Amino acid sequence: MTSLQLSAEEEMVERFLDAAARGDLPQVSTLLSQVPSLLNQMGYSGWTALMLAARNGHYDVVKTLVSHGCDKFSVNSSSQTAFDIAKFWGHRHISNLLGRTDDGCQRILPGSDLSQQENYFSRETLDRLSGKRTDKVWLEAKQSDPDTVYLLFSNLSPMVSSSQEDGSTGGDTKLCRFRYDAVKDLLQKPATVLVFLGVERRKNPSSTTSSSPPTEEGVQEPPAWFAISTDEDAAELLKRCREKNCSFPKTPNRDLLKFNEDEAGVVAQARSVLAWHSRYSFCPTCGSSTKLEEGGYKRSCLNADCRSLQGVHNTCYPRVDPVVIMLVIHPDGNQCLLGRKKMFPAGMFSCLAGFIEPGNTHTRTHTHTLCVVNVTHSRDLLCPRVPAGETVEEAVRREVEEESGVKVGPVQYVSCQPWPMPSNLMIGCLAVAISTDIRVDENEIEEARWFPRQQVIDSLFRGARPAFTIPPRQTIAHQLIRHWIGMNSNL
Ligand SMILES: NC(=O)C1=CN([C@@H]2O[C@H](COP(=O)(O)OP(=O)(O)OC[C@H]3O[C@@H](n4cnc5c(N)ncnc54)[C@H](O)[C@@H]3O)[C@@H](O)[C@H]2O)C=CC1
Ligand SMILES: [Mg+2]
Ligand SMILES: [Mg+2]
Ligand SMILES: [Mg+2]
Ligand SMILES: [Zn+2]
């Protein structure tokens with residue numbers, strides 16, 4: 001092979017890689033059909049087309065390369081697969097696609113344990129079927145269906161059974177499931193709140209054990225799930241359960257972390273919606289009484305003159321509070337900033353976190369999406385000082401500086417977690433510090449420190465005598481710390 005031929009071939013590889021990096025799917029497909037051997041080629045950078053598409057979030061290109069049978073397990077000079085790269089850059093849909101594989105292959109992918117990238121409380125076990133919430137006839141039929149599953153809540157705690165003899169939940173907590181006959185009296189009570197959670201997702205339709213008749217089309221519908229919150233005495237409610245060791249856990253922050261991933265997702269959904277009902281019994285706009293609608297996903301004001309009945313108002317729907325939670329990395333790349341609140345168990349440090357705030361009067365440098373304004377209005381209206389929601393990045397910078405005095409530069413989203421105490425969405429980020437002096441706000445944080453990577457590894461993997469402890473694996477704080485430790489610094 002002459003040097004000229006070689007460079008032509010190299011040039012073709014670089015063109016192919018460039019198309020993948022830019023997300024140019026037609027170009028990727030054309031080149032592949034002309035030269036199929038391009039599929040797994042590495043360029044000068046040591047990256048394959050799959051890695052570049054995964055890096056830049058080009059889902060369609062990744063999908064096409066995978067469908068052509070490309071090698072998902074090849075690694076770059078930092079030993080990262082395309083899966084690792086997608087995960088690092090927060091392209092979860094791509095890491096899910098690359099991680100979705102049979103059990104045999106999953107072993108091969110480094111760090112490919114899917115439960116690691118999916119945070120606790122995030123699994124969508126049920127199909128919410130939100131379109132059915134307005135279908136009263138369907139919802140009523142489902143309520144009396146013998147296959148329907150009911151979960152009972154008292155004071156926002158679900159009834160659970162525990163395998164521990166003393167009733168203390170030791171990691172094997174299960175939701176108590178009820179059928180219509182066991183709860184139909186509760187459904188008649190005026191104080192009862194009923195929330196439609198969704199229907200089971202069928203993995204294997206042929207293995208159904210449903211006793212309900214097929215629908216007109218002959219398709220058996222999967223069982224529906226509802227959550228019931230009632231004012232009946234907890235001790236009375238417990239008598240309805242035939243299982244042993246039933247209880248309503250008393251300490252949500254601890255006890256709600258003991259379900260398997262499937263049930264944790266259902267609990268998060270049910271508890272957040274029920275918590276909203278418990279706090280919004282009256283109309284936030286005019287103070288009148290409200291009625292439940294849409295399968296428990298709406299409260300409408302009973303005052304016919306209320307403003308909330310005109311148009312769509314967010315006060316009528318369950319609320320979610322966004323919270324940023326961030327692992328701040330030292331400019332040297334080898335230490336991270338962790339803090340502790342007074343209420344934490346002794347020796348525990350965690351990521352800093354804080355509520356995203358509405359309205360930010362900082363001067364903004366990026367463009368806004370604005371409502372259309374009359375062109376004769378002053379320029380001030382086009383570059384408004386009007387309050388607008390804080391961005392995730394701004395909230396990260398503000399909270400870190402407020403709580404620790406450390407200034408933050410780049411911010412990168414990693415993953416998020418519904419946190420049903422009562423209804424937060426924890427938005428997990430990595431952030432890089434641009435100053436290192438710590439000055440804690442003692443109202444919020446008792447202490448904050450830079451921890452060297454090795455000390456963090458000792459804590460994470462419970463090495464000999466760790467200097468501090470971190471929150472349990474079910475928290476996104478734990479997962480962010482783990483993510484940083486697992487990540488190579490040269491990406
Ligand atoms: N899943 C996880 O790994 C973690 C979850 N969290 C959750 O994040 C949440 C926020 O973290 P913080 O450091 O407490 O926030 P923060 O730093 O913003 O301070 C909380 C204070 O902000 C005020 N505040 C502003 N907006 C609020 C709102 N919508 N609801 C309640 N208080 C509001 C209150 O005065 C409150 O005391 C906590 O509720 C906690 O449950 C916190 C750390 C780890
Ligand atoms: Mg905070
Ligand atoms: Mg704060
Ligand atoms: Mg705050
Ligand atoms: Zn009202």
Side-chain angles (χ1 to χ4, degrees), residues 116-123 156 251-259 261 264-265 267-268 271-272 275-276 278-280 284 314-315 318-328 336-345 348-360 387 389-408 411 413-431 438-449 456 459-460 468-484:
Q116 278 181 18
Q117 20 159 359
E118 175 193 59
N119 292 312
Y120 191 78
F121 288 131
S122 340
R123 187 171 295 176
L156 302 181
T251 44
N253 268 321
R254 209 180 57 221
D255 293 321
L256 295 185
L257 303 184
K258 293 175 178 170
F259 295 100
E261 302 281 336
V267 169
R271 189 175 199 275
S272 290
W276 172 70
S278 75
R279 283 148 207 246
Y280 286 74
N314 65 1
T315 53
R319 315 298 320 135
V320 177
D321 289 321
V323 176
V324 285
I325 178 160
M326 45 276 165
L327 185 66
V328 181
C336 69
L337 181 68
L338 299 174
R340 54 168 284 110
K341 289 188 175 192
K342 282 199 188 74
M343 59 192 283
F344 283 5
M348 189 177 100
F349 282 77
S350 183
C351 298
L352 302 183
F355 290 96
I356 294 186
E357 295 190 355
N360 185 339
E390 219 175 20
T391 63
V392 168
E393 292 84 352
E394 281 166 346
V396 168
R397 295 191 184 102
R398 177 185 53 74
E399 282 288 347
V400 173
E401 195 169 351
E402 277 176 13
E403 297 188 358
S404 70
V406 170
K407 289 190 195 306
V408 159
V411 174
Y413 170 76
V414 176
S415 71
C416 67
Q417 177 181 45
W419 190 248
M421 296 158 223
S423 190
N424 294 346
L425 178 66
M426 307 298 301
I427 303 168
C429 297
L430 289 184
I438 295 175
R439 200 176 8 84
V440 294
D441 172 357
E442 283 167 13
N443 292 323
E444 297 209 46
I445 297 283
E446 187 180 66
E447 190 184 352
R449 269 198 260 158
V456 177
S459 278
L460 201 52
F468 67 105
T469 59
I470 59 171
R473 66 165 182 83
Q474 294 90 336
T475 63
I476 191 168
H478 181 109
Q479 295 304 330
L480 283 173
I481 294 169
R482 211 187 163 99
H483 178 83
W484 174 60

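Source: prediction; values computed, not measured. These numbers come from the heavy atoms of this one structure, side chains and all, not from hydrogens, waters or symmetry mates. Just so you know, ligand 1 is whichever comes first in the structure, and atom 1 is the first atom listed for that ligand.
Annotation: salt bridge (charged side-chain N to carboxylate O under 4.0 Å, His left out) contacts of Arg449 (sequence neighbours excluded): Glu447. Partners of Arg473 according to the salt bridge (charged side-chain N to carboxylate O under 4.0 Å, His left out) rule, which considers only residues two or more places apart in sequence or in another chain, are Glu261.
A donor-acceptor pair under 3.5 Å is formed between the side chain of Asp441 and the backbone N or O of Asn443.
When heavy-atom distances to ligand 1 are checked against 4.0 Å, the residues falling inside are Asp321, Val323, Ile325, Lys341, Ala353, Gly354, Phe355, Glu399, Glu403, Gln417, Trp419, Asn424, Met426, Glu444, Thr475, Ile476, Ala477, ordered by chain and number.
Counting all heavy atoms, side chain and backbone alike, Ala353 lies closest to Val323 at CB-CG1, 4.3 Å.
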Please assess Val400 against Met326 for the test side-chain contact (heavy atoms from CB on, under 4.5 Å), listing each intermediate value before the final yes or no.
-> CA-CA 8 Å; Val400 173; Met326 45 276 165; 3.7 Å; yes
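Applying the side chain to side chain contact (heavy atoms under 4.5 Å, CB included) test between Tyr413 and each of Ile427, Val324, Val392, Val396 identifies Ile427 as the sole match.
No side-chain heavy atom of Trp276 sits under 4.5 Å from any side-chain heavy atom of Ser423. For the pair Tyr120/Ile476, no side-chain contact is recorded, criterion being any heavy-atom separation below 4.5 Å from C-beta on.
For the pair Glu401 and Arg397, the salt-bridge criterion is not met [side-chain N within less than 4.0 Å of a carboxylate O].
With waters left out, the protein N, O or S atoms under 2.8 Å from the Mg ion (ligand 2) add up to 2.
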